[in-house]
Amino acid sequence: MTAAIAPRLLRWAKRHGRHDLPWQRRSGSRNRIAYRVWVAEIMLQQTQVATVIPYFQRFMRAFPSVRALADAPLDDVLAHWSGLGYYARARNLHRAARLVRDEHRGRLPTQRAPLETLPGIGRSTAAAIVAQTDGQPEAILDGNVKRVLARYHAVPGWPGETAVARQLWTLAEQETPQRDVAAYTQAIMDLGATVCTRRRPGCETCPLAGDCQAYAAGRVGDYPGARPQRQKPQRRRVFAVLWNNAGKIMLTRRAPTGIWGGLWCLPEWPDEASCRDWLAGYGLTGTAEPLAPIEHAFTHFRLQLVPLQAVIRRPRRVADAASGDWYSLDAALRLGLPAPIRSLLASLQTQQQENQDGAHGALRKTG
DNA sequence: AAGCCGGGGAT
DNA sequence: ATCCCAGGCTT
């Protein structure tokens, strides 16, 4: 049996913990604080702190309260989430905000159980909210805590396995103190993020190294066990970069579920042939121009995006199921877009501006 | 229990 | 190129 880790973690965190994260601010009402912690916790799911911070700042400026978020259109929320990934988080957050507005009088529940009934809030996120806002002794188990506990107690196996996760939850509950829970929760996450890192851990400065079982065995790198690797399938999709005679580009809204759910996207086709067929039916007379393909990696597959660019002088067909709406590039870039599509449209915008600058330069030369 | 869901940082 | 990150939902 090992000693409790909480006292050492609390002492360590006082000096070395992170105390200036944007969602740690203590000013405002309890509900306002809980709202900020909630949004941060959702953004931080499978996303690193440094990535989240700018998104969090912009999100809070746009949606400063639960009610502001609930009253906003989903499109605005997705636009502010664009580039963060896991867009179900944004849809669930928005749905949950409306539930809080309509069924909880605009106040976030203060207990773990009712929080867990809201979409997007699981056990760990609910625990994080009540621990950080109210100091309730509820255990969290995120990636940092899993790593610290797996090493300290030398728990073998991949945490994705149910049995391993169950052990880690038990340990997390045992280590969570009855007081100073907010500080403890932050401390164990800070240790995992800055000292007990996945690779090259700083065991020399770790406050738990004295009785860390993985460290004692010289096997820190073996914990937690790695996910069994599987090879990812490769996919290839053709995307129509279709302009009309007004210089606007066609975008379609994707289905609410599945990959890039609810986001705006270029019309997507399984191959060039089907895309060209559709373009021909749309009134394209010339040939479509292939643009440079984009490689994009997901957790579970790789995607090659093949853009096919065309200009329609006089659209002759009424909109079909594959058709969408026309947007200027400026307007398009303000929508919720998948990251690679945003990248593609941004490069098109840069090209346009360079062409314009070139034209101005030429004009100036001749004039 | 296993698969799905993004994008980026670190190595 | 590979792994994984302040996980949760669906099947």
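Chain naming here is simple, since letters A, B, ... match the order of the sequence lines and numbering starts at 1 in each.
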Here the distance between atom P of B:dG7 and atom CD of A:Gln46, to the nearest Å, is 14 Å

Exercise. Does a side chain donor of either A:Gln349 or A:Asp330 reach within less than 3.5 Å of an acceptor in the other side chain?
Worked result: yes

Among B:dG6, B:dG7, C:dG7, the one nearest any side-chain atom of A:Ile259 is B:dG6

- [ ] For the residue pair A:Asp271 and A:Ser274, confirm or rule out a side-chain donor-acceptor distance under 3.5 Å.
- [x] yes

Out of B:dA1, C:dA6, B:dG7, minimum distance to the side chain of A:Thr162 belongs to B:dA1

Query raised in the report: Is there a donor and acceptor pair, one atom on the side chain of A:Arg198 and one on the base of C:dC3, closer than 3.5 Å?
Result: yes

Rounded to whole Å, the CG-C1' distance (A:Asn144 to B:dG9) equals 14 Å

Nearest-nucleotide check on DNA chain B, A:Glu161 vs A:Thr257; residue mapping nearer the 5' end is A:Glu161

Against the side chain of A:Arg302, the closest entry in C:dT2, C:dG8, C:dC5 is C:dT2

Determine whether a donor-acceptor pair (one donor, one acceptor, N or O, separation below 3.5 Å) exists between the side chain of A:Arg230 and the base of B:dA2. no

Checklist entry - Can you tell me how far C1' in C:dC5 sits from the matching atom in B:dA1, rounded to whole Å? => result 23 Å

Q. Between the base of B:dG9 and the side chain of A:Gln48, is there any donor-acceptor pair under 3.5 Å?
A. no

Review point. Could one point to a donor on the side chain of A:Thr125 or the base of C:dG8 with an acceptor on the other under 3.5 Å away?
Key: no

